[in-house]
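Order of the sequence lines sets the chain letters (A, B, ...), proteins ahead of strands, with each chain counted from 1.
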Amino acid sequence: MTFSERILKWYGQHKRELPWRTTKDPYKIWLSEIMLQQTRVAQGMPYYYKFLEAFPTVYDLANADEQKVLKLWQGLGYYSRARNLHATSKMVVEKYAGGFPDTYKELKKLKGVGDYTASAIASICFDEPEPVVDGNVYRVLSRYFGIDTPINSTEGIKYFKELAREVMHIENIRDYNQGIMEFGAIQCAPKKPYCLHCPLNESCIALKENRVTELPVKINKIKIKNRYFNYLVFIDPNGNTALEQRRGKGIWQNLYQFPLLEAKKALNLVELKEQIMEESGFPKIESLTLYNKEPLIHKLSHQHLHTRFWILETTDRLKEGISWETITSFPVPVLIADFIKTYKI
DNA sequence: AAAGCGGGGGC
DNA sequence: GCCCCAGCTTT
């Protein structure tokens, strides 16, 4: 049996029943693929159901407000995916009359659809023989063929795509592509792969040379930046608070948060008061208290956010005050959502 | 070519 | 604490 035949056979015996495996509808496949980018199946699954219920068709998604899309996406992370998802739904409705393009080349033009996702949709929905190369495929191929070229180098990306193309199963690209990814997720796992009863263990180079734990090779150099956030939780005489929308570059674009004072270091009460004084347009403050004495450290991939929440009772009513009942209708980062859950007026 | 972008789960 | 997850876009 060839490599691809063994993958297909294994897939037939071990594949999980997943909701997007029972359809070829490009809308549903596209939705699932975007959600699963850098995201585990278990984490993305509830969102897949929520979205299909709220937006049964691409038209429903295209007609929705971005705020509603972001709210449903809340907690899944990488929010550009949600913004691009929404933009692409509008594009599909307006430029493609509601029908997704049916080739890799055309699919790749859609916002948020890169090499992997275009290959996935083209192969799963339209039987186009285009190999998918995701994190799972990098792992399987690098181990089986004993390749130590870094998977995130320019050379590695090109090499593994070509290798994937050489070994793919053209006649059943749909099951083969999903099969090799599933194989990487279940059998050839990052840690503790089940080499003992692996259908490829007689010809796996990494196993033969005892290099399974060394592969794949990845050049890693993420620097973590520390940031110091002070969130100002205004409470006016009506019990209303204020939110602002994050604009421009950086994290959490278009999501909402309490008014933010970012500092170069952790601030004490006096320093914070000075900062507030420098700002203009703030309401008159009756009292100011620190909510969490120990800074909450919210950890993102590239940033550690040392966060303090300050409660500011205002003398006058806020101009655009938001009640605590309606605050939950805004899309917010998990950091803010967690605070809202625990804080009671 | 490198950096930026979330949040969660496994060990 | 570290690594990884059905990656993509911008600089």
Salt bridge present between A:R165 and A:E130 (N-O < 4.0 angstrom): yes
Rounded to whole angstrom units, what separation is found between the NZ atom of A:K218 and the P atom of C:dC2? 15 Å
Quick note, A:V41 side chain, CB onward, closest among B:dG7, B:dC5, C:dA6 is C:dA6
From the candidates B:dG8, C:dA6, C:dG7, the one with an atom nearest any side-chain atom of A:T117 is C:dG7
Can a salt bridge be assigned to the pair A:K109 and A:E106 using a cut-off of 4.0 Å between side-chain N and carboxylate O? yes
Determine: side-chain N/O of A:K299 to OP1/OP2 of C:dG1, distance under 4.0 Å, yes or no. yes
Taking salt bridge (charged side-chain N to carboxylate O under 4.0 Å, His left out) as the criterion, tell me which of A:K161, A:K158, A:K108 meets it with A:D115. A:K161
Could you tell me whether the side chain of A:R81 has a donor or acceptor atom within less than 3.5 Å of a complementary atom in the base of B:dC5? no
Look at the side chain of A:R21 against the base of C:dA6 and say whether a donor-acceptor pair falls under 3.5 Å; ignore hydrogens and angles. yes
Side chain of A:K191 (C-beta onward), nearest among B:dC5, B:dG10, B:dG6: B:dG10
Paired to C:dC4 by Watson-Crick or G-U wobble criteria (both distances under 3.5 Å) is B:dG8
May I ask you to decide if A:I34's main-chain N or O and A:R81's side chain share a donor-acceptor pair within less than 3.5 Å? yes
Measure the distance from NE2 on A:H304 to P on B:dC5 and round it to the nearest whole Å. 14 Å
How far does the P atom of B:dG6 sit from the matching atom of C:dT10, given to the nearest Å? 14 Å
Need to verify one output field. Residue with the more 5' nearest nucleotide on DNA chain C, A:R40 or A:K108? A:R40
Nearest-angstrom distance from the residue atom CG of A:D134 to P of C:dC4: 14 Å
Rounded to whole Å, please give me the gap between CG in A:D115 and P in C:dA6. 17 Å
Would you say C:dT9 has OP1 or OP2 under 4.0 Å from some side-chain N or O of A:R83? no
Expressed in angstrom and rounded to an integer, what is the separation of A:K225 atom NZ from B:dA3 atom C1'? 12 Å
With the side chain of A:I251 defined as its heavy atoms from C-beta on, choose the nearest nucleotide among B:dG4, B:dG6, C:dC5. B:dG6
Nucleotide nearest A:N84 (side chain, heavy atoms from C-beta), chosen from C:dG7, C:dT9, B:dG6: C:dT9
Between A:K192 and A:I219, name the one whose nearest nucleotide on DNA chain B is closer to the 5' end. A:I219
How many whole angstroms separate atom CD1 of A:I157 from atom P of C:dT9? 14 Å
Side-chain donor/acceptor of A:R139 to backbone N/O of A:G184, under 3.5 Å: yes
Any side-chain N or O of A:W73 less than 4.0 Å from the OP1 or OP2 oxygen of B:dG7? no
Taking any heavy-atom pair under 4.0 Å as a contact, classify A:I222: base, sugar-phosphate, or nothing. nothing
Centroid separation A:Y144 to A:F3 less than 6.0 Å: yes
C:dC5, C:dG7, C:dA6: which one has an atom nearest the side-chain heavy atoms of A:Q37? C:dG7
Side-chain N or O of A:H298 less than 4.0 angstrom from OP1 or OP2 on B:dG7? yes
Between A:Y78 and C:dT9, is there a contact of a side-chain N or O with OP1 or OP2 at under 4.0 Å? no
Expressed in whole Å, how much space separates the P atoms belonging to C:dA6 and B:dG10? 13 Å
Can you tell me if A:Q38 touches the phosphate of C:dC5, counting only side-chain N or O atoms and a distance under 4.0 Å to OP1 or OP2? no
From C-beta outward on A:E182, which listed nucleotide comes closest to its side chain: C:dC4, C:dA6, B:dG6? C:dA6
Sequence neighbours left out, what pairs pass salt bridge (charged side-chain N to carboxylate O under 4.0 Å, His left out) with at least one residue falling in residues 17-36 of chain A? A:R21-A:E182, A:K24-A:D127
In whole angstrom, give the distance that lies between atom CG of A:L300 and atom P of C:dC2. 16 Å
Interatomic distance where CG belongs to A:N152 and P belongs to C:dC3 [whole Å]: 13 Å
Closest listed nucleotide, where the reference is the side chain of A:K249 and the choices are C:dC4, B:dG7, C:dT11: C:dT11
Going by modelled atom types, is there a donor-acceptor pair between the base of B:dG6 and the side chain of A:T39 at under 3.5 Å? yes
